[in-house]
Amino acid sequence: TKPLTIFEFAKEIQKPTTEIIKYYFAQGMMLNQNTTLNEDQMGELALHFGFDFKKENVLTKENIFEQLQEVDKPEDLITRPPVVTIMGHVDHGKTTLLDSMRDSNVVSGEAGGITQAIGAYQVTSKSGKKITFIDTPGHEAFTEMRSRGANVTDIVILIVAADDGVMPQTEEAIDHAKHANVPIIVFVNKMDKPDANPERVKTELMQHGILAEEFGGDVPFIYGSAKQKQGLDDLQETILFIAELRDYKANPNKFASGIVLEAHLDKSKGPVASVLIQQGTLNIRDVVIAGPTYGTIKDMENENGRKLKTAVPSQPVVIIGLNEVPNAGDKFLVMNDATVARSIAEAQYEKHLAMERSNKQSFTLDSIKTHI
Ligand code: GDP
Ligand code: MG
């Protein structure tokens, strides 16, 4: 038998598709009319609507994150802060730039919460608009997230030290940004150094296809010093200018979903995860699935350790309450039904194990080949 989409199924039982979408929405699932239903779901829906129906499995617990689609009405979408990642060669000043921007922004008396390093934070620019910065643990983690379909970043800041120029990890960063298909802003750092040579940086980047606006390209170049806090306002205004052009939006009026940025086990608090909200609003007490883990949000804090009751799109938050430690790059989703959440998390865990097993197998085969 042929699998049915919500649209097709609705036609079969002569109900509006919105009735079915609403039914799932009430359970924390954002489906659209093109989502394929599995046999269980069709059975469940048939029961709910008083019909008898039997079809084949398609949407399963194993593939739920891939299958879930969101239906947003244009009027539900509101502007959200841009999410920005800083990339560049080691020692070119990523950490200093992040720290400088954060220092000039931390509200006093907010420090000291669940964790200090959350892996992301928001700043409020001079013009009063927010920007979310993500501190990627490294290019590898970024690639890993991308390969799993997790688009975390809207804009990449490519930082290049003016006294060093384009280096191997600069090239990697360019590759990542190009593959992610996101706009790049170049921050030419360490302009305070006597041997700073911004012309060289510009020329070398041009050879890598990064064309400055003054050369007729479309990549903004900002010159400054992360250490001396020079060029930071300029950088933020450029980010906000791009954000305005691109018009980043999200729907806050639904159950939250997003991505795990970092997670670890705390001796007294258990699994602690920092997550980036990408859609919807996250509330304390929500039941969430995060990759192969699940739980009820017991405690939620911002990057400065301030307790929160809710979090909105583009906001990074630290959550407590998951049963295990998820992985960076795992997707999370509110599913306000503990039993369903648990069974989906378990299915995700099985899928994860199966993937690990097949990775190990191919690794073993390869190593046999190379060792004979
Ligand atoms: P990362 O590896 O890219 O995170 O680089 P860091 O932020 O750790 O910076 C590496 C070194 O460069 C540190 O000693 C910083 O103090 C220094 N540094 C960063 N930005 C500047 C700058 O604008 N001017 C100068 N003179 N030094 C800087
Ligand atoms: Mg660093």
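Excluded from the calculations below are hydrogen atoms, water molecules and symmetry mates; all remaining heavy atoms, backbone and side chain alike, are included. In listed order, ligands and their atoms are each counted from 1. Starting from 1, each residue takes its place in the sequence as its number.
- Ranking protein heavy atoms by distance to atom 20 (N) of ligand 1, first place goes to N189 ND2, 3.2 Å.
- Note that atom 13 (C) of ligand 1 has no protein non-hydrogen atoms nearby, at separations under 4.0 angstrom.
- T96 lies apart from the Mg ion (ligand 2) in this respect, since none of its N, O or S atoms is found at a distance under 2.8 Å.
- Counting protein heavy atoms only, atom 4 (O) of ligand 1 is closest to T95 OG1, 2.8 Å.
- Judged by the shortest distance from any of its heavy atoms, Q230 lies outside the 4.0 Å radius around the atoms of ligand 1.
- When every heavy atom of S314 is checked against every heavy atom of T132, the shortest pair comes out as O-OG1, 2.6 Å.
- K94 contributes atom NZ, which lies 9.5 Å from atom CD1 of I86 (distance to the nearest 0.5 angstrom).
- Residue D192 holds its CG atom at 6.5 Å from CD of Q230, rounded to the nearest 0.5 Å.
- Note: F255 and F25 have parallel aromatic rings, judged against thresholds of 30 and 60 degrees for the angle between ring planes.
- Here's the thing with G224: none of its N/O atoms is less than 3.5 angstrom from an N/O atom of ligand 1.
- What sits closest to atom 27 (N) of ligand 1 on the protein, heavy atoms only, is K227 CD, 3.5 Å.
- The protein atom (non-hydrogen) at minimum distance from atom 18 (N) of ligand 1 is K190 CE, 3.7 Å.
- Closest to atom 2 (O) of ligand 1 among all protein heavy atoms lies D91 N, 2.7 Å.
- Taking 4.0 Å as the cut-off between side-chain N and carboxylate O, K129 and E244 count as a salt-bridged pair.
- The pair E8-K11 fails the salt-bridge criterion, with no side-chain N (NZ, NE, NH1 or NH2) lying under 4.0 Å from an Asp/Glu carboxylate O.
- For the ligand labelled ligand 1, residue Q228 lies outside the 4.0 Å heavy-atom shell.
- Across all non-hydrogen atoms, the minimal contact from V152 to I134 is CB-CD1, 4.3 Å.
- Looking only at heavy atoms of the protein, atom 9 (O) of ligand 1 is closest to T96 OG1, 3.5 Å.
- Listed by atom number, the atoms of ligand 1 under 4.0 Å from V90 heavy atoms are 2 (O).
- Close contacts of ligand 1 with K193, meaning ligand atoms under 4.0 Å from a residue heavy atom, involve 26 (N).
- When each of T5, I21, I20, I6 is checked for a side-chain contact (heavy atoms from CB on, under 4.5 Å) with T35, only I6 meets the rule.
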Please determine whether side-chain hydrogen bond (donor to acceptor under 3.5 Å, both in side chains) holds for the pair H92 and D164, giving the CA-CA distance in whole Å, both sets of side-chain angles, and the decisive distance to 0.1 Å. CA-CA 8 Å; H92 280 199; D164 204 24; 2.8 Å; yes

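- Distance from atom 26 (N) of ligand 1 to its nearest protein heavy atom, with residue and atom name: D192 OD2, 2.9 Å.
- For atom 23 (O) of ligand 1, the nearest non-hydrogen atom of the protein is S225 OG, 2.8 Å.
- Interatomic distance, F9 CZ to T36 OG1, rounded to the nearest 0.5 Å: 13.0 Å.
- In the vicinity of H89, heavy-atom distances shorter than 4.0 Å reach the ligand 1 atoms 3 (O).
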